[in-house]
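Positions are given from 1, in the same order as the sequence printed here. Predicted, not measured: the structure shown is a model, and the values here were computed from it.
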Amino acid sequence: QVQLVESGGGLVQSGGSLRPSCAASGRIFSIYIMGWYRQAPGKQRELVATITRGGSTNYADSVKGRFTISRGNADTVYLQMNSLKPEDTAVYYCNAPTWGTNYWGQGTQVTVSS
């Protein structure tokens with residue numbers, strides 16, 4: 001019903017920037033909130049940021065002031081990541097928790113070198 005595809009990860013040096021995107025397709029009318037999660041090796045998957053259909057946003061304390069989640073005019077969500085740190089290294093996943101199903105993208109790798 002809903003497909004999520006992330007892109008835009010990569011390898012950057014500490015202090016650099018990336019802007020991964022998440023493109024949603026299918027029955028997108030059922031999506032009221034979307035989020036970015038990340039998972040580092042050996043650690044739990046954690047919430048990074050969310051955005052509602054109305055544009056309300058929330059961020060994890062660890063990324064406030066550095067990351068910005070936004071929506072394009074198409075069904076695409078972006079995560080602008082500035083001042084990246086090695087601690088931000090993880091696989092970043094797009095998430096859409098609809099009423100019936102919790103949808104996930106395939107993930108995009110972000111690696112920040114020191």
Side-chain angles (χ1 to χ4, degrees):
Q1 291 185 341
V2 175
Q3 295 80 44
L4 305 174
V5 179
E6 304 100 328
S7 62
L11 173 64
V12 298
Q13 291 188 333
S14 181
S17 298
L18 286 171
R19 197 192 188 201
S21 62
C22 173
S25 61
R27 290 178 167 81
I28 56 176
F29 55 81
S30 64
I31 302 174
Y32 301 106
I33 186 169
M34 294 182 66
W36 284 96
Y37 286 71
R38 66 186 182 186
Q39 187 168 25
K43 295 187 177 182
Q44 293 280 307
R45 188 172 298 185
E46 64 176 349
L47 179 65
V48 175
T50 62
I51 186 167
T52 68
R53 206 170 194 89
S56 180
T57 59
N58 281 292
Y59 299 92
D61 288 340
S62 60
V63 306
K64 285 182 179 178
R66 299 189 297 121
F67 291 11
T68 303
I69 189 171
S70 62
R71 301 189 66 162
N73 55 7
D75 295 296
T76 302
V77 175
Y78 302 92
L79 185 67
Q80 179 69 52
M81 304 188 293
N82 298 325
S83 302
L84 283 163
K85 307 173 182 179
E87 306 90 88
D88 297 317
T89 295
V91 177
Y92 284 70
Y93 296 92
C94 185
N95 171 249
T98 68
W99 181 252
T101 306
N102 196 23
Y103 293 97
W104 294 93
Q106 83 287 353
T108 186
Q109 175 70 233
V110 171
T111 302
V112 185
S113 65
S114 59

Pairwise distance [atom1]([X]) to [atom2]([Y]) - rounded to 0.5 angstrom:
X: Glu87; Y: Ser14; atom1: CD; atom2: OG; result: 7.5 Å
X: Met81; Y: Thr68; atom1: CE; atom2: OG1; result: 11.5 Å
X: Ile69; Y: Gln80; atom1: CD1; atom2: CD; result: 12.0 Å
X: Arg71; Y: Thr52; atom1: CZ; atom2: OG1; result: 8.0 Å
X: Asn102; Y: Asn95; atom1: CG; atom2: CG; result: 4.5 Å
X: Asp75; Y: Ile28; atom1: CG; atom2: CD1; result: 2.5 Å

Do any N or O atoms from the side chain of [X] and from the backbone of [Y] form a donor-acceptor pair under 3.5 angstrom?
X: Thr111; Y: Thr89; answer: no
X: Tyr59; Y: Gly65; answer: no
X: Arg27; Y: Gln1; answer: no
X: Arg53; Y: Ile31; answer: yes

Would you say [X] and [Y] make side-chain contact, with heavy atoms under 4.5 Å?
X: Arg38; Y: Leu79; result: no
X: Glu6; Y: Pro20; result: no
X: Ile33; Y: Pro97; result: yes

Do Lys85 and Asp88 sit within salt-bridge range, that is, some charged N less than 4.0 Å from a carboxylate O?
-> no
Tell me, with the steps shown, if Val77 and Trp36 meet side chain to side chain contact (heavy atoms under 4.5 Å, CB included).
-> CA-CA 9 Å; Val77 175; Trp36 284 96; 3.7 Å; yes
Should [X] and [Y] be regarded as members of a common hydrophobic cluster, given that ILVMFWY residues are connected when their side-chain heavy atoms come within less than 4.5 Å of each other, either directly or indirectly?
X: Tyr37; Y: Val63; answer: no
X: Trp104; Y: Leu4; answer: no
X: Val91; Y: Val48; answer: no
X: Ile51; Y: Leu47; answer: no

Report yes or no: is the cationic atom of Arg19 (NZ for Lys, CZ for Arg) closer than 6.0 Å to the six-membered ring centre of Tyr78, at no more than 45° off its axis?
-> yes
Give the minimum heavy-atom separation between Ser83 and Ser17, together with the two atoms involved.
-> N-OG, 4.3 Å
Between Ala90 and Gln109, what is the shortest heavy-atom contact and its length?
->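 Reported closest heavy-atom pair: O-OE1, 3.4 Å.
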Is the Phe67 ring parallel, tilted or perpendicular to the Tyr92 ring (thresholds 30°, 60°)?
->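 If you compare the ring of Phe67 with that of Tyr92, the planes turn out tilted.
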